Amino acid sequence: QVQLEQSGGGSVQAGGSLRLSCSASKYTHCMFAMSWYRQAPGKEREFVAGIDTDGTSNVADSVKGRFTISIHNAKNTVYLQMNSLKPEDTAMYYCKTDIGYGGSVVCPANSWGQGTLVTVSS
């Protein structure tokens, strides 16, 4: 289990922006491919965006053109820049390690952050 530190959530008006961050900076011997998921009340957790250590990324259709994922490998930190936010984006956002480069035991995949709440008002 990787300890992931999330920040950047909050409340914003529709059309506004937020930037989320998720850091595994304590794991200096690792590099991670990472991703973002979100879960709204009464709904299943869904994929938002993912990125590999080479910068290759993909985003869900629901946020394409509005959200951008980026990663700083040396810091083991992934970011989610959220622009043109809509009330439908309101959810708890979670980051996750997808691939750990440096050993599957000491750099494990499928570790989740604690989540950060994003609330978008109309």
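For reference, positions follow the sequence shown, starting with 1. Since the structure is predicted, the reported quantities are computational estimates derived from the model, not experimental observations.
Considering every non-hydrogen atom in both Asp98 and Ala109, the closest pair reads O-CB, 2.9 Å. The shortest heavy-atom contact between Met31 and Asn76 is CA-OD1, 3.5 Å. Contact between Thr116 and Met92 at its shortest, heavy atoms only, is C-SD, 3.4 Å. The minimum heavy-atom distance linking Ala49 with Leu80 is given by the pair CB-CD1, 4.2 Å. The two residues Ser84 and Ser17 make their nearest non-hydrogen contact at N-OG, 4.3 Å. Taking all atoms of both residues into account, the shortest heavy-atom contact from Met82 to Val118 is CE-CG2, 3.8 Å.
Using a 3.5 Å distance cut-off with no hydrogens or angles, the side chains of Thr90 and Thr119 do not pair a donor with an acceptor. For the residue pair Asn73 / Tyr101, no side-chain donor-acceptor distance below 3.5 Å is found, with atom types taken as modelled.
Grouping the Ile, Leu, Val, Met, Phe, Trp and Tyr side chains by contacts below 4.5 angstrom, directly or via other members, places Leu18 apart from Tyr79. The hydrophobic clustering, which links ILVMFWY residues whose side-chain heavy atoms are closer than 4.5 Å, places Val63 and Leu85 together. Put simply, Leu20 and Val12 are part of the same group of oily side chains (I, L, V, M, F, W, Y) that touch within less than 4.5 Å, one to the next. Both Ile69 and Leu4 sit in one connected hydrophobic cluster of ILVMFWY residues. Membership requires side-chain heavy atoms under 4.5 Å apart, directly or through other members.
A ring-centre distance under 6.0 Å is not found for Trp36 and Phe67.
One finds the NZ atom of Lys75 at 15.0 Å from the OG1 atom of Thr28 (value rounded to the nearest 0.5 Å). Between atom OH of residue Tyr37 and atom CD of residue Glu44 there is a gap of 12.5 Å, rounded to the nearest 0.5 Å. Between the OG atom of Ser21 and the CD atom of Gln81 there is a distance of 11.0 Å, given to the nearest 0.5 Å. The structure places CD of Gln6 at 5.0 Å from SG of Cys22, a figure rounded to the nearest 0.5 Å. Note: Ile71 CD1 to Asp52 CG = 8.0 Å, rounded to the nearest 0.5 Å.
Annotation: Gln39, atom CD; neighbour count of heavy atoms from other residues, nucleotides and ligands within 6.0 Å is above 12.
Geometrically, Arg45 engages Tyr94 in a cation-pi contact defined by less than 6.0 Å to the ring centre and at most 45° from the axis.
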